[in-house]
There are 2 protein chains.
Amino acid sequence: MNTPNHYPDRTVERLCTYRRTLRRCLDEGKARVFSHQLAAAHQATPAQVRRDLMTIGFSGSPARGYDVAGLLEFIGDILDPPSGTAAVLVGVGHLGRALLAHFTRDRSPLHVAAAFDNAPAKVGVDVHGCPVHPLDALERVIGETRATVGIVAVPGDVAEDIALRLVTAGIRGLVNFAPVILHLPSDVTCEDIDITVSLEKVAYHARHARAHVA
Amino acid sequence: MNTPNHYPDRTVERLCTYRRTLRRCLDEGKARVFSHQLAAAHQATPAQVRRDLMTIGFSGSPARGYDVAGLLEFIGDILDPPSGTAAVLVGVGHLGRALLAHFTRDRSPLHVAAAFDNAPAKVGVDVHGCPVHPLDALERVIGETRATVGIVAVPGDVAEDIALRLVTAGIRGLVNFAPVILHLPSDVTCEDIDITVSLEKVAYHARHARAHVA
DNA sequence: CATTGTGAAGCCCTTCACAGCT
DNA sequence: AGCTGTGAAGGGCTTCACAATG
């Protein structure tokens, strides 16, 4: 088993967050880190960190830990496509605007190339630096931008229709903020972010809090 | 093993979403559902649904499935505190505003009782029906509203300070939108929603898409 | 005879524990 | 002495498969 061409979801997730910590290390001039330091910055154990790095095939040295710059580049090679990834957003409501603002502030290799909304008043202007197109232009603009990721920030009752249009237009992965499960072809990745559910879960666990080990 | 006083995280999560589906059923006048129908509306198998309902101790009938109204009430008794839950939000930026808009539109038993921001220009007005207070008032307002859940929508570099203040003021659960891991007492629940990480994950999986069974 | 309820099996991820290295 | 690399064990969640039920 050499480098597999895909890693477990949880590992990918942690790689994304390790990367942020590593960038901070570089900013602070730290050239090397130990697994227990990376672990402390996350909610993880040193063993977990070592296992993740083993999984992706990155080695450190017992005496000096892991090379920050080297690891950062190594993770980048796994996570980032050579040519950068373009995303599109559908639904320029309150949440959509906030997301656009969010992504312009970010130093991720991802960028939101275009947004769509069906309200004529929202179309034609740039929102936080992102052009807003009418929904009709969805297929055309996705083709032009070669976007592969879509962000669904529309009401639940139209989310699935929009998602299917995105997929038909060439989108391969979705982040869905609508409070519904999308029924999609099985080769399309979908990550649901359901804010209400998250709040309800936290409220539940807060009421039933059980102290763990410190 | 009678009713334990807390259920696994994944089960709680699904209960939240089942509830939404059940409400839709009631709206449509459907009085009974089968496990496979609930499963189809989620990304779940019928066995998973039956297991969840078994876990919480709710029974159906082989001939007629599960009673929608009864199950809805049963789940409500588990998820909702008798007196409702108040939440507070810190950080009335783009995302904070979007979240306030989101929660006013929701028929969840949770409500956001107050928001906080340190920018004087934002303080004193209502945003989507929610009063915005200065940060100084955090402890006082949490005491008055008896809020138990906090939403962190501030920049990463101040998120942990804010979170610790919330906890000290009596908050028992957090939803964290800042792109950092919060180090909190172990009896405080925290759910991280990291939008950038979600996008990066989806972009990764979209590139490495492997077709599953349809 | 389609559906529920459920012990048992399976799977995946995390953690342990220790050998090997510097 | 302290850290990495890793086989093996552990734990929790999901799925299977089938007896029980109306």
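Naming: A, B, ... by sequence-line order, numbering from 1 per chain. Just so we're clear, the structure is a prediction, and the values are computed from it rather than from any experiment.
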Side chain His42(B), main chain Arg14(B), donor-acceptor under 3.5 Å: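 Here the side-chain-to-backbone pair does not exist.
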Answer yes or no: is there a side-chain heavy-atom contact under 4.5 Å between [X] and [Y]?
X         : Y         : result
Leu174(A) : Ile151(A) : no
Asp117(B) : Val154(B) : no
Leu110(B) : Asp80(B)  : no
Leu99(A)  : Phe177(A) : yes

In whole angstrom, give the distance that lies between atom [atom1] of [X] and atom [atom2] of [N].
X        : N       : atom1 : atom2 : result
Phe34(A) : dG5(D)  : CZ    : C1'   : 15 Å
Phe58(A) : dT4(D)  : CZ    : P     : 12 Å
His42(B) : dT15(D) : NE2   : P     : 14 Å

Heavy-atom pair with the smallest gap, counting every atom of Ile78(A) and Arg207(B):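 Nearest pair, atom of Ile78(A) first, then Arg207(B): O-NH2, 3.1 Å.
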Derivation of the side chain to side chain contact (heavy atoms under 4.5 Å, CB included) call for Glu200(B) and Arg19(A): CA-CA 11 Å; Glu200(B) 289 182 359; Arg19(A) 179 148 73 157; 3.4 Å; yes
Near-ring test His94(B)/His128(A), centroid separation under 6.0 angstrom: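 Distance test on ring centres: under 6.0 Å, yes.
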Arg10(B) with Asp52(B): basic N within carboxylate O range, under 4.0 Å: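 Looking at Asp52(B) together with Arg10(B), the answer is no, because their closest N to O distance does not fall below 4.0 Å.
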Side chain to side chain donor-acceptor pair (under 3.5 Å) between Thr196(A) and His102(B), intermediate numbers included: CA-CA 9 Å; Thr196(A) 300; His102(B) 185 95; 3.1 Å; yes
N or O in side chain of Ser59(A) less than 4.0 angstrom from dT4(D) OP1/OP2: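 Answer no for this pair, as no side-chain N or O of Ser59(A) is under 4.0 Å from OP1 or OP2.
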Boundaries of the chain A footprint along DNA chain C (any atom under 4.0 Å from a heavy atom):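 Nucleotide range with atoms under 4.0 Å of chain A: dC13(C) to dC21(C).
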Could you go over nucleotides 8-14 of chain D and give all protein N or O partners under 3.5 Å, atom names and distances?
unit_1, atom_1, unit_2, atom_2, d
dA8(D), N6, Arg51(A), NH2, 3.2
dT14(D), OP1, Arg14(B), NH1, 2.8
dT14(D), OP2, Arg14(B), NH1, 3.3
dT14(D), OP2, Arg14(B), NH2, 2.7
dT14(D), OP2, Gln48(B), NE2, 3.4
dT14(D), O5', Gln48(B), OE1, 3.2

Nucleotide-resolved protein contact map, nucleotides 17-22 of chain D, B/S/- at heavy-atom distance under 4.0 Å: B---B-
